[in-house]
2 protein chains.
Amino acid sequence: MNGETAVAANRDRPAFGLTTDVVIFTIREDALCVLLVNRSREPFAGVWALPGGFLGPDEALNDGAARVLAEKTGVSGVFLEQLFTFGGPARDPRGRVVSVAYYALVPYNRLDRMAAVEGDRVAWVAVDELPELAFDHGEIVRMAHQRLAAKLDYSTIALQFMPERFTLSELQSVYETILGEQLDKRNFRKRLRTFECIEETGEMFRAGKHRPAKLFRMKQPGTVEIIK
Amino acid sequence: MNGETAVAANRDRPAFGLTTDVVIFTIREDALCVLLVNRSREPFAGVWALPGGFLGPDEALNDGAARVLAEKTGVSGVFLEQLFTFGGPARDPRGRVVSVAYYALVPYNRLDRMAAVEGDRVAWVAVDELPELAFDHGEIVRMAHQRLAAKLDYSTIALQFMPERFTLSELQSVYETILGEQLDKRNFRKRLRTFECIEETGEMFRAGKHRPAKLFRMKQPGTVEIIK
DNA sequence: AAACTTAGTGTCTTTGCGACACTATGTCAA
DNA sequence: TTGACATAGTGTCGCAAAGACACTAAGTTT
């Protein structure tokens with residue numbers, strides 16, 4: 001054994017491999033999508049998996065997840081939260097690897113340059129059209145989706161998908177996409193008003209051959225408030 | 001380096017120490033208490049800390065937490081859930097140790113034999129009278145308490161503190177202790193009825209010089225239901 | 001038997017949530 | 001220029017859940 005370890009390992013204190021895997025969500029064409037990577041190496045070569053990587057010896061968990069996010073998308077400063085830690089003894093055939101899973105939300109307008117990065121090895125895939133994933137990554141995505149949907153009910157997390165300025169119809173569409181059901185326009189806007197988390201910009205958004213929509217912005221971008 | 005490691009460590013895959021620390025809650029004398037251990041060894045010798053231990057090389061995370069719980073309390077089969085993973089690079093002066101924190105709920109009647117175990121080294125301490133704790137354990141307890149209180153609102157988790165048979169007043173007292181506020185008796189019972197998770201046993205409980213109370217039991221002991 | 005202690009019960013009001021339909025304002029084509 | 005079209009924007013009513021609120025019931029003790 002010739003590598004460096006961050007802590008001395010012995011019988012009482014075994015050493016573990018530690019990775020952070022990140023479920024990176026965005027919304028594309030009215031579908032909730034996650035970023036997948038096609039594995040080039042064994043184990044699971046050729047199989048789709050979550051982006052992830054081994055944690056650096058002096059790296060905080062959050063920083064490791066943020067690094068994975070930045071490496072794959074070039075994006076930073078977006079919503080990123082710890083999801084759950086997966087550590088079954090048999091989850092990685094290489095040996096004992098524990099994964100601290102995170103999930104991130106990326107506004108759809110921040111993926112412009114992503115097309116360049118995308119090749120055969122990286123793809124955005126709708127969560128309801130997932131292929132078989134490597135390791136236990138399918139379970140991780142399910143849990144992340146569930147957590148995200150639950151948070152819609154009691155927080156303003158959906159705003160983390162929005163660009164700086166957006167219309168109320170766009171925001172409603174985000175809710176509908178994540179929840180997988182249609183919402184009533186008037187009830188949706190009534191409830192939004194009670195949150196008091198967005199405000200009019202005074203600008204209008206023109207698209208297509210119809211009435212323009214007011215543009216809104218978050219009052220406190222980057223913060224997620226808990227509702228009620 | 002002469003110990004066994006569960007995965008080969010090298011520059012790309014550093015190895016980490018991995019512990020499970022468990023916030024063991026119970027309710028004693030109308031106070032929400034956690035089990036603390038007085039550390040006998042450095043680091044933080046003489047300082048109170050959460051019970052915890054290094055994960056075995058072939059041990060699942062849940063199993064490690066259950067083992068810690070059983071070692072300190074002799075109790076098993078109670079509510080035990082993963083809370084959060086703490087992995088700051090400087091949280092343990094010995095080196096890089098990542099802790100997967102769990103929390104457990106122990107019914108107050110299952111601590112009878114605990115007095116024997118208790119000595120200078122182990123104690124139940126009310127959460128609002130915590131001393132300074134080792135590592136980042138103070139933060140872990142705060143997060144666990146917050147999670148527990150939040151779950152009262154949307155699940156039947158409080159029943160996990162109850163013995164097999166209990167009165168409605170006892171159950172209400174548990175809610176009040178965790179939330180830190182008084183509840184209205186009639187509204188409390190009305191809401192309980194809608195959960196449909198407990199039933200009368202037909203027995204009565206006599207205590208003191210007053211009217212006896214009906215004894216109830218959970219319909220499905222050991223399960224926590226999500227409400228609404 | 002009177003005082004004491006906790007158990008147990010129902011109504012009314014307020015509030016949040018869901019169902020529901022029409023007008024407003026722009027573009028485009030005839 | 002006008003009529004057709006497409007999306008933006010707006011308010012009421014009914015119901016169900018939640019909160020405020022006070023008295024009677026059934027034991028024990030003196």
Side-chain angles (χ1 to χ4, degrees), chain A residues 29-30 149-156 158 162-163 165-217 225-228, chain B residues 29-30 149-156 158 162-163 165-217 225-228:
Chain A
E29 296 160 11
D30 289 334
K151 286 221 168 192
L152 285 195
D153 283 337
Y154 65 89
S155 80
T156 59
M162 307 312 292
R165 284 172 272 187
F166 54 89
T167 70
L168 297 186
S169 293
E170 287 171 332
L171 181 56
Q172 180 173 345
S173 170
V174 167
Y175 274 80
E176 290 173 337
T177 298
I178 298 171
L179 295 174
E181 59 182 341
Q182 300 285 104
L183 301 177
D184 178 86
K185 193 202 286 192
R186 281 170 293 186
N187 292 339
F188 178 76
R189 291 171 183 221
K190 192 200 310 176
R191 193 164 140 76
L192 259 191
R193 243 171 276 138
T194 69
F195 299 167
E196 296 180 344
C197 58
I198 62 175
E199 61 191 2
E200 296 187 15
T201 63
E203 301 160 301
M204 304 294 280
F205 177 71
R206 304 185 136 70
K209 47 178 184 177
H210 54 275
R211 179 175 175 175
K214 291 180 180 176
L215 281 170
F216 290 77
R217 65 171 153 250
E225 294 182 34
I226 304 300
I227 309 286
K228 242 197 75 173
Chain B
E29 297 159 11
D30 289 335
K151 285 221 169 192
L152 285 195
D153 283 336
Y154 66 90
S155 80
T156 59
M162 307 312 291
R165 283 173 273 186
F166 54 88
T167 71
L168 297 185
S169 294
E170 288 170 332
L171 181 56
Q172 180 174 346
S173 170
V174 167
Y175 273 81
E176 290 172 336
T177 298
I178 299 172
L179 294 173
E181 60 181 342
Q182 300 284 105
L183 301 176
D184 178 86
K185 194 202 287 194
R186 283 170 292 187
N187 292 339
F188 177 75
R189 291 172 184 220
K190 191 199 310 175
R191 191 164 141 76
L192 260 190
R193 244 172 277 138
T194 70
F195 299 167
E196 297 180 343
C197 57
I198 63 175
E199 60 192 1
E200 296 188 17
T201 63
E203 301 159 300
M204 303 295 279
F205 177 71
R206 304 186 135 71
K209 47 178 184 178
H210 56 273
R211 176 173 176 176
K214 291 178 180 175
L215 281 170
F216 289 77
R217 66 170 152 249
E225 293 183 34
I226 304 300
I227 310 286
K228 242 198 73 173

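Proteins come first, then strands; the chains are lettered A, B, ... in the order of their sequence lines, and each starts at number 1. In this text, all values refer to a predicted model and were calculated from it rather than measured experimentally.
- Taking 4.5 Å as the limit, every side-chain heavy atom of A/Thr167 sits out of range of all side-chain heavy atoms of A/Lys214.
- Distances were taken from every side-chain heavy atom of A/Asn187 (C-beta onward) to each of C/dG18, D/dC21, C/dT25; the shortest belongs to C/dG18.
- C/dG10 atom P lies 16 Å from atom CG of B/Leu192, rounded to whole Å.
- Along DNA chain D, the nucleotide nearest B/Asp184 and the nucleotide nearest B/His210 are compared for position; the residue whose nucleotide lies closer to the 5' end is B/Asp184.
- Between the side chain of B/Glu203 and the backbone N or O of B/Leu215 there is no donor-acceptor pair closer than 3.5 Å.
- Spacing between atom CZ of A/Phe205 and atom C1' of D/dA6 amounts to 14 Å, rounded to whole angstrom units.
- When the C1' atom of D/dA8 is taken as reference, atom CD of A/Glu200 falls 12 Å away, rounded to whole Å.
- A/Arg217 is not listed as a side-chain neighbour of A/Ile198, based on a closest heavy-atom distance of 4.5 Å or more.
- Considering only heavy atoms from C-beta on, A/Phe166 stays 4.5 Å or farther from A/Val174 through its side chain.
- Atom CD1 in B/Ile227 sits roughly 15 Å away from atom C1' in D/dA18 (whole-Å rounding).
- Contact annotation: the side chain of A/Ile227 approaches that of A/Phe195 to within less than 4.5 Å [non-hydrogen atoms, C-beta and beyond].
- The side chain of A/Arg211 approaches D/dA8 more closely than any other nucleotide in the set D/dT28, C/dA7, D/dA8.
- Across the interface with DNA chain D, nearest-nucleotide mapping of B/Thr194 and A/Leu168 shows A/Leu168 to be the residue nearer the 5′ end.
- For B/Arg189, the side-chain atoms get nearest to C/dA7 when compared with the rest of D/dG11, C/dA7, C/dT5.
- Comparing B/Arg186 and A/Arg191 by the nucleotide of DNA chain C that holds the closest heavy atom to each, the one mapping nearer the 5' end is B/Arg186.
- The nearest whole Å value for the distance from the NZ atom in B/Lys185 to the C1' atom in C/dG10 is 14 Å.
- Phosphate proximity of C/dT6 to B/Ser169: absent, as no side-chain N or O sits under 4.0 Å from OP1 or OP2.
- In this structure, A/Lys214 places its NZ atom 11 Å from P of C/dT25, rounding to the nearest Å.
- One interatomic measurement links the two molecules: CG of A/Leu183 to P of C/dC17, which rounds to 13 Å at whole-angstrom precision.
- If you check C/dT27, C/dT6, C/dT11 against the side chain of B/Lys190, the one that comes closest is C/dT11.
- Summarising the geometry, the separation between CE on A/Met204 and C1' on D/dA8 is reported as 8 Å, rounded to the nearest angstrom.
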